[in-house]
Amino acid sequence: MAEITKRSDDYSRWYQDVIQAAELAENSPVRGCMVIRPNGYAIWENIQRTLDDRFKELGHVNAYFPLLIPKSFLAKEAEHIEGFAKECAIVTHHRLKQVTVDGKTTVIPDPESKLEEEYIIRPTSETVIWDQYRKWIQSYRDLPLLINQWANVMRWEMRTRMFLRTTEFLWQEGHTAHATAAEGREETLRMLEVYRWFAEEVLAMPVVCGAKTPNERFAGAVETFSIEAMMQDRKALQAATSHDLGQNFAKAFDVKYQDAEGKVEYVWATSWGMSTRIMGALIMTHSDDNGLVLPPRIARVKAVIVPIWKNDQEMAAVCEAADKLAAELKPVVGLVHVDKRDKMRPGWKYAEWERKGVPVRLELGPRDLAAGHVMMAARHDRAKNAVKFDELATALPAELERIQQDLFDAALKRRTEATVEIDTWDGFVKLFQDGGGFAHCHWCGDGACEQAIQDETRVTIRNIPFDRDETPGKCVHCGKDSIGRVLFAQSY
RNA sequence: CGGGGCGUAGCGCAGCCCGGUUAGCGCGCCUGCUUCGGGAGCAGGAGGUCGGGAGUUCAAAUCUCCCCGCCCCGACCA
């Protein structure tokens with residue numbers, strides 16, 4: 001098995017090594033696209049299940065809209081097209097033709113099958129969805145309309161990275177329509193809170209909630225909100241976004257409703273999404289030089305039992321006990337896997353399950369069997385101790401909870417230690433030359449100034465935190481008046 | 001798309017500068033025996049159009065040109 005590069009040697013290489021070692025994903029023949037392997041997809045399935053349940057508790061329903069969008073649709077919202085035009089894949093033909101060139105048979109798009117109206121592969125679905133909403137919404141009784149879809153989208157990025165930025169990615173996109181601006185804003189913030197809850201409580205990933213600056217807003221949004229996490233290299237990662245779209249799409253697609261008084265008005269819209277990118281954040285938040293570390297709440301396999309034996313007789317006895325334990329624990333904590341593979345010794349299995357991030361390992365050998373206990377070892381801190389069989393049904397859930405909490409605490413501690421307030425430009429430049437971090441600084445509010453900061457330092461405003469310090473001050477870059485601090489960081 | 005690095009067995013690499021038997025090594029894989037409480041040992045074995053194409057040459061992994069892909073640093077982004 002290939003060695004995992006140490007984080008301290010090459011963070012970016014380490015990240016790729018972890019993905020390979022844990023068999024999460026690999027590159028595909030198509031540039032910028034990845035194959036998500038079963039271990040990786042299991043994490044995505046848990047993300048889907050958990051978020052989907054939460055969406056439905058809040059009244060959303062799922063639907064599915066098509067992958068292909070008529071080219072003309074994208075042009076209907078001016079800012080929207082400006083934001084996405086540069087990264088769209090376009091379908092131009094509907095048939096291939098076999099041709100022979102220099103004795104070799106190949107296929108080309110059949111010139112006779114050129115489409116009259118070309119399609120684009122969705123970079124996001126606002127346009128098709130709003131074209132449909134026009135037909136579905138007539139009265140205030142049709143509102144609010146709360147729909148989500150799980151889908152793949154394509155954005156032709158110049159530079160890609162596993163999970164963090166791939167040409168094709170998976171996500172969910174919620175699209176809602178409301179009768180008032182206030183309801184739209186309320187929904188936008190409600191869904192941002194769902195993402196905060198999910199990131200912090202399920203993924204054990206502390207985040208900063210806030211509003212994006214106008215420069216960083218979603219193309220076509222009135223206001224964009226984000227949750228921002230800090231990775232172990234101190235760079236920020238936008239983990240999810242929620243947009244208040246105002247009436248921009250309703251106007252572009254002519255979606256109106258009649259209220260109780262008979263007055264006709266455009267509806268108010270929101271959209272919100274979390275993508276497979278979050279898996280990159282998950283990997284980079286918790287994993288270590290031994291491989292993947294998964295918070296128990298998102299791990300498919302909660303614990304693995306490694307039976308230990310010397311001969312067939314011991315094997316039979318130990319495996320039987322292991323199966324029994326796994327069956328008892330499953331209703332309590334979820335999947336507990338028994339690794340009965342022969343020809344691999346226990347030490348090898350320990351190392352493998354560590355690479356793959358299984359939160360807890362239970363070692364069960366003849367000596368343990370005789371003593372009526374198992375050795376329980378945690379992935380993240382290697383803490384190991386004996387637990388009696390009849391105590392395992394309470395000890396294992398408690399250990400999983402401890403792990404979940406430890407991971408969150410460690411991530412929060414890293415972030416706290418790498419978060420500072422900076423009031424001088426020299427200090428700002430120095431921070432980001434010297435390891436970086438989260439910097440709460442005053443900003444004048446001018447987009448040109450924000451851009452200048454980015455051009456000079458590669459540092460951007462991640463968001464304007466909800467809980468920011470609103471003591472007035474002077475912009476860290478230009479010195480003009482500022483009404484409060486914003487969050488600066490280098491980002492993925 | 002610009003700058004830098006790299007493509008040789010599933011993974012990690014050597015060989016290339018200075019062309020020349022049958023292209024090696026470690027890990028993994030297969031078979032057998034001994035093993036088995038932190039990545040087992042021995043023996044035998046399978047696996048390669050040396051990223052692709054064109055050229056130079058008696059002869060190309062090695063030299064030349066073109067193309068493709070990957071990684072890092074920029075410009076764009078969830």
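Residue numbers start from 1 in every chain, and the chains themselves are labelled A, B, ... in the order their sequence lines are given, proteins ahead of strands.
The separation of G28(B) from C13(B), taken at their C1' atoms, amounts to 14 Å, rounded to a whole angstrom. Between G20(B) and C33(B), the distance separating the two P atoms is 44 Å to the nearest Å. For the P atoms, the distance from C16(B) to G32(B) is 40 Å, rounded to whole Å. Across the C1' atoms, G5(B) and G10(B) are found 24 Å apart, a figure rounded to whole Å. Of the P atoms belonging to G12(B) and U8(B), the separation is 8 Å, rounded to the nearest Å. As rounded to the nearest Å, C73(B) and G38(B) have C1' atoms that lie 40 Å from one another. Atom name C1', nucleotides G47(B) and G4(B): the rounded distance is 35 Å, in whole Å. A gap of 13 Å separates the P atoms of G7(B) and U62(B), to the nearest Å.
Across all strands shown, the partner of C29(B) is G45(B), judged by Watson-Crick or G-U wobble contacts whose two distances both fall under 3.5 Å. When Watson-Crick and G-U wobble pairs are counted only if both distances are under 3.5 Å, G24(B) pairs with C13(B). Pairing for U57(B) is absent, with no Watson-Crick or G-U wobble pair whose two atom distances lie under 3.5 Å. Under the Watson-Crick or G-U wobble criterion, with both distances below 3.5 Å, G7(B) is paired with C68(B). With a cut-off of 3.5 Å on both pairing distances, the Watson-Crick or G-U wobble partner of G2(B) is C73(B). In this entry G39(B) has no Watson-Crick or G-U wobble partner, no candidate having both defining distances under 3.5 Å.
Within the nucleic acid shown, Glu354(A) comes within 4.0 Å of at least one base atom, counting heavy atoms only. At a threshold of 4.0 angstrom between heavy atoms, the contacts of Asn311(A) with the nucleic acid are absent. Among the heavy atoms of the strands lying under 4.0 Å from Glu352(A) is at least one base atom, whether or not backbone atoms are also near. Within the 4.0 angstrom heavy-atom criterion, no nucleotide atom of any strand lies near Lys212(A). Residue-level contact check: Gly280(A) touches neither bases nor backbone, having no heavy atom under 4.0 Å from any strand. As judged by a 4.0 angstrom heavy-atom cut-off over every strand, Met375(A) is placed among the base-contacting residues.
When the P atom of U35(B) is taken as reference, atom CD of Glu314(A) falls 13 Å away, rounded to whole Å. Atoms CH2 (Trp14(A)) and P (C71(B)) sit 17 Å apart, rounded to a whole Å. Note: CE (Met315(A)) to C1' (U35(B)) measures 15 Å, nearest angstrom. Atom pair Asp339(A):CG and C36(B):C1' shows a separation of 13 Å (rounding to whole Å applied). For the pair Glu23(A) CD and C11(B) P, the computed distance is 13 Å after rounding to whole Å. If you measure from atom CD1 of Ile4(A) to atom P of C11(B), you get 16 Å, rounded to the nearest angstrom. When the C1' atom of A40(B) is taken as reference, atom NZ of Lys349(A) falls 14 Å away, rounded to whole Å. A straight line from CZ of Arg361(A) to C1' of G39(B) spans 12 Å, rounded to a whole angstrom.
For Trp348(A), taking side-chain heavy atoms from C-beta onward, the closest of the listed nucleotides G37(B), G39(B), G38(B) is G39(B). Of the candidates G37(B), G39(B), C13(B), C13(B) carries the atom nearest the Arg13(A) side chain, counting heavy atoms from C-beta on.
Judged by distance alone, the side chains of Glu187(A) and His60(A) do bring a donor and an acceptor atom under 3.5 Å apart. Looking at Thr92(A) and Glu118(A), their side chains never bring a donor and an acceptor atom within 3.5 Å of each other.
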**Prompt:** Could you walk me through whether Glu399(A) and Lys302(A) pass the salt bridge (charged side-chain N to carboxylate O under 4.0 Å, His left out) check?
**Reply:** CA-CA 11 Å; Glu399(A) 181 67 349; Lys302(A) 308 299 181 188; over 6 Å; no
**Item:** Residue pair Asp53(A), Arg49(A): steps toward the salt bridge (charged side-chain N to carboxylate O under 4.0 Å, His left out) verdict
**Value:** CA-CA 6 Å; Asp53(A) 286 350; Arg49(A) 192 174 308 122; over 6 Å; no
**Request:** Determine, step by step, whether Glu23(A) and Arg355(A) satisfy the salt bridge (charged side-chain N to carboxylate O under 4.0 Å, His left out) criterion, reporting the C-alpha distance in whole Å, the side-chain angles of both residues, the deciding distance to 0.1 Å, and the verdict.
**Result:** CA-CA 9 Å; Glu23(A) 297 174 3; Arg355(A) 279 200 306 276; over 6 Å; no
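Between C68(B) and Arg31(A), no contact under 4.0 Å exists linking OP1 or OP2 to a side-chain N or O. Regarding contacts with the backbone of C72(B), a side-chain N or O of Gln16(A) is found under 4.0 angstrom from either OP1 or OP2.
Residue side chain Asn27(A) does not reach the base of G69(B) through any donor-acceptor N/O pair under 3.5 Å, judged by distance alone.
Tested against Trp272(A) for a ring-ring contact (aromatic ring centres under 6.0 Å, His included), the candidates Trp171(A), Phe55(A), Phe218(A) yield a single pass: Phe55(A).
The aromatic rings of Phe73(A) and Phe253(A) sit perpendicular to each other, their planes meeting at more than 60°, with 30° as the lower class boundary.
For Phe432(A) and Phe428(A), the ring centers sit closer than 6.0 Å to each other. Ring centroid separation for the pair Phe249(A) and His80(A) comes in under the 6.0 Å cut-off.
Between Gln238(A) and Ile227(A) there is no side-chain heavy-atom pair separated by less than 4.5 Å.
The residue among Ser28(A) and Tyr350(A) whose nearest nucleotide of RNA chain B is located toward the 5' end is Tyr350(A).
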**Request:** Could you encode protein contacts along nucleotides 73-78 of chain B as a string, one character per nucleotide from 5' to 3', using B for base contact, S for sugar-phosphate-only contact and - for no contact, with a heavy-atom cut-off of under 4.0 Å?
**Result:** BBBBBB
